[in-house]
S.K.: 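Mind having a look at this structure? Questions to follow.
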Amino acid sequence: MKYLIINGSPHKGNTWMLVEAVVLDIQLKDSLAVFDIIHLAELDLPFCRGCSACFRLGHEKCPHSEKIAAIIEKITNADGVIFASATYNMRETALLKNLFDHVCFMLHRPYFFQSKALVITTTGGVGAKTAAKSIASFLKGIGFNRCYQFSAATYSWNDYKITEAASSKLMKITDKFHRDIISGRLHSPSCVLLIPYNLFRGMSLAYVRGTEYEIQDGVYWTEESRKKGVYHSAIPVPFYKKPIGHLFYIIGKIAGRKYMVTYKK
Ligand SMILES: Cc1cc2nc3c(=O)[nH]c(=O)nc-3n(C[C@H](O)[C@H](O)[C@H](O)COP(=O)(O)O)c2cc1C
């Protein structure tokens, strides 16, 4: 299995120690596991410029598209992705947030439907769970099929000693993550996830080619494979969840007509 590690901490500190423990554990379970690593601090990804080209014209038009396209490809090709971040000001680090800003357009046009993540965060005292939740909810919004979360309070700047309790919890979560990846199973989306997906499916009809404010969302949502289903065709959706998707599609269609998002031409 192929794993991609995205390290959002600016150095190999407390959080990295946990990542190393996870890597060792996965290697014990799967001697053929391979790990690719991106240290965001070494990537020199400039801040998102806010040009909105990714939303309007497609992410290939991003001024930093070379770096972003390479990361998107790596995530797509990985069987599992490990996101690691220290907690800064109760959230993920700016390094990781900057990466997320560059792929924010995927909240409108979700993409990573077959990807599964393990999110690892540490904090000095408080906020690691909030940071992990913030990361996981973004990942789910851009399509991730499953996000496992582990967070630890280290009470340390760079001298964390993993406690037995933390280690045992981390191994349990790693085991679930690893087994899920081996199983190849794709889980059905929660009802909560069906809401934004179908709102965008409906709203984007106001931005299809030929309309006053045509944008890439309109192209994406009118592709044959996305026109009808309440979620990506590869992911099973049980019958009782479908009405929620259909309802929010209709709400999206109405909202799209009423609240037009404009841009300077
Ligand atoms: C800029 C900065 C902001 C931080 N913000 C918080 C915080 O909001 N809450 C907290 O409890 N610890 C905070 N910390 C402490 C780190 O989250 C903690 O030491 C973490 O384990 C560091 O992980 P790392 O060694 O992987 O970078 C902060 C540390 C730094 C350098």
Side-chain angles (χ1 to χ4, degrees), residues 2-28 33-50 64 67-68 70-71 74-75 78 80-104 115-142 144 146-178:
K2 283 189 281 183
Y3 294 86
L4 172 66
I5 302 169
I6 300 187
N7 180 22
S9 282
H11 66 162
K12 292 185 183 174
N14 292 340
T15 322
W16 190 250
M17 199 184 293
L18 294 174
V19 172
E20 284 182 326
V22 167
V23 169
L24 269 179
D25 191 55
I26 293 176
Q27 278 171 333
L28 279 177
V34 286
F35 294 87
D36 191 1
I37 305 171
I38 299 172
H39 290 290
L40 292 177
E42 292 168 8
L43 193 68
D44 282 331
L45 176 66
F47 280 122
C48 166
R49 286 200 203 157
H64 315 135
K67 287 186 175 177
I68 292 303
I71 296 182
K74 279 179 189 250
I75 295 178
V81 189
I82 299 168
F83 288 86
S85 177
T87 302
Y88 284 3
N89 192 22
M90 307 290 283
R91 288 290 146 110
E92 63 271 40
T93 60
L95 278 170
L96 190 55
K97 176 66 165 55
N98 185 35
L99 171 64
F100 288 173
D101 291 347
H102 280 85
V103 289
C104 246
S115 303
K116 291 176 182 173
L118 170 60
V119 174
I120 301 175
T121 58
T122 69
T123 181
V126 289
K129 271 199 183 136
T130 314
K133 261 193 197 164
S134 155
I135 296 167
S137 73
F138 177 75
L139 295 177
K140 285 182 204 159
I142 62 172
F144 269 71
R146 251 305 133 96
C147 294
Y148 295 86
Q149 297 173 47
F150 176 81
S151 41
T154 64
Y155 307 108
S156 153
W157 291 113
N158 197 13
D159 188 32
Y160 178 39
K161 312 273 188 304
I162 308 177
T163 61
E164 249 179 57
S167 168
S168 138
K169 192 173 169 202
L170 178 62
M171 292 309 117
K172 267 187 202 151
I173 293 170
T174 304
D175 195 47
K176 279 189 187 164
F177 170 61
H178 176 253

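Numbers here simply count residues along the sequence, with the first being 1. Whatever order the structure lists ligands and atoms in, that order sets their numbers, starting from 1. Just so it is clear, the values below take in all heavy atoms, side chains as well, and ignore hydrogens, waters and symmetry mates.
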S.K.: Could you list the atoms of ligand 1 found under 4.0 angstrom from a heavy atom of Ala86?
M.R.: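 Result: 22 (C), 23 (O), 24 (P), 27 (O).
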S.K.: Nearest to atom 29 (C) of ligand 1, what protein heavy atom do you find, and at what distance?
M.R.: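 Looking at atom 29 (C) of ligand 1, the protein heavy atom closest to it is Trp157 CZ3, 3.5 Å.
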S.K.: Students should be able to answer this: which protein heavy-atom is nearest to atom 10 (C) of ligand 1, and at what distance?
M.R.: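 Its nearest protein heavy-atom neighbour is Thr123 OG1, 2.9 Å.
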S.K.: Between Asn89 and ligand 1, which part of the residue brings a heavy atom under 4.0 Å of the ligand: side chain, backbone, both or neither?
M.R.: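 The backbone, only.
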S.K.: Can you tell which part of Ser156 has a heavy atom less than 4.0 Å from ligand 1: side chain, backbone, both or neither?
M.R.: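 Backbone only.
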S.K.: Does ligand 1 have any atom sitting under 4.0 Å from a heavy atom of Ala152?
M.R.: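 Distance cut 4.0 Å: Ala152 fails for ligand 1.
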S.K.: Quick check on contacts: which atoms of ligand 1 are under 4.0 angstrom from a heavy atom of Thr154?
M.R.: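 Those qualifying, in numeric order: 21 (O).
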S.K.: Could you check whether any side-chain heavy atom of Gln27 comes within less than 4.5 Å of a side-chain heavy atom of Phe35, counting everything from C-beta outward?
M.R.: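 Yes, side chains in contact.
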S.K.: Nearest 0.5 angstrom please: Phe144 CZ to Lys116 NZ, how far?
M.R.: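 Rounded to the nearest 0.5 Å, the CZ-NZ separation comes to 12.0 Å.
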S.K.: By the side-chain hydrogen bond (donor to acceptor under 3.5 Å, both in side chains) test, which pairs, at least two apart or in different chains, include something from residues 146-156?
M.R.: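 side-chain hydrogen bond (donor to acceptor under 3.5 Å, both in side chains) check on residues 146-156 returns Asn14-Thr154, Tyr148-Asp180.
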S.K.: Side chain, backbone, both or neither: which part of His11 has a heavy atom under 4.0 Å from ligand 1?
M.R.: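 The answer is the side chain of His11.
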S.K.: Of the listed options (Ser9, Gly125, Ala94), which comes nearest to atom 11 (O) of ligand 1 when hydrogens are ignored and any heavy atom counts?
M.R.: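 The nearest heavy atom belongs to Gly125.
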S.K.: Below 3.5 Å, N or O to N or O, backbone or side chain included: is there any such pair between Tyr88 and ligand 1?
M.R.: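 So ligand 1 has no N or O lying under 3.5 Å from an N or O of Tyr88.
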S.K.: Got a donor-acceptor contact below 3.5 angstrom from the Ser134 side chain to the Thr130 backbone?
M.R.: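 Looks like no, no N/O pair under 3.5 Å.
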S.K.: How many angstroms lie between atom CG of Leu43 and atom CG of Leu45, to the nearest 0.5 angstrom?
M.R.: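 Leu43 atom CG to Leu45 atom CG measures 5.5 Å (nearest 0.5 Å).
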S.K.: Regarding ligand 1, does Gly124 bring an N or O atom to under 3.5 Å of one of the ligand's N or O atoms?
M.R.: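 Between Gly124 and ligand 1, an N or O pair is found under 3.5 Å apart.
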S.K.: Between Ile26 and Ala33, which heavy-atom pair has the shortest distance, and what is it?
M.R.: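 Residues Ile26 and Ala33, closest heavy atoms: CG2-CB, 4.0 Å.
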S.K.: Under a 3.5 Å cutoff, is there a donor and acceptor pairing between the side chains of Thr121 and Thr87?
M.R.: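 No.
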S.K.: How about Lys67: does its NZ atom have over 12 heavy atoms from other parts shown lying under 6.0 Å from it?
M.R.: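 Above 12, so yes.
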S.K.: Ion pair present between Asp36 and Lys74, side-chain N to carboxylate O less than 4.0 angstrom?
M.R.: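 Yes, Asp36 and Lys74 are salt-bridged.
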S.K.: To the nearest 0.1 Å, how far is atom 21 (O) of ligand 1 from its closest protein heavy atom, and which atom is that?
M.R.: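 Of every protein heavy atom, Thr122 OG1, 2.7 Å lies nearest to atom 21 (O) of ligand 1.
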S.K.: Could you tell me whether some N/O pair between Asn14 and ligand 1 is separated by less than 3.5 angstrom?
M.R.: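 Looking only at distances, the answer is yes, because the N/O contact criterion of under 3.5 Å is met.
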S.K.: Can you check whether Thr87 has an N/O within less than 3.5 Å of an N/O in ligand 1?
M.R.: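 Min N/O separation from ligand 1 is below 3.5 Å for Thr87.
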S.K.: I need the nearest protein heavy-atom contact for atom 26 (O) of ligand 1: residue, atom name and distance, please.
M.R.: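 That would be Thr15 OG1, 2.6 Å.
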S.K.: Any N/O of Met90 closer than 3.5 Å to an N/O of ligand 1?
M.R.: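 Between Met90 and ligand 1, an N or O pair is found under 3.5 Å apart.
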S.K.: Tell me, which protein residue and heavy-atom name are nearest atom 9 (N) of ligand 1, and how many Å apart are they?
M.R.: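 For atom 9 (N) of ligand 1, the nearest protein heavy atom comes out as Val126 O, 3.1 Å.
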S.K.: Just verifying a value: how many Å separate Ile75 CD1 and Leu139 CG, rounded to the nearest 0.5 Å?
M.R.: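 With rounding to 0.5 Å, CD1 (Ile75) is 8.0 Å from CG (Leu139).
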S.K.: With Thr15, which of Thr122, Asn7, Thr93 fulfils side chain to side chain donor-acceptor pair (under 3.5 Å)?
M.R.: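 Among Thr122, Asn7, Thr93, the one meeting side chain to side chain donor-acceptor pair (under 3.5 Å) with Thr15 is Thr122.
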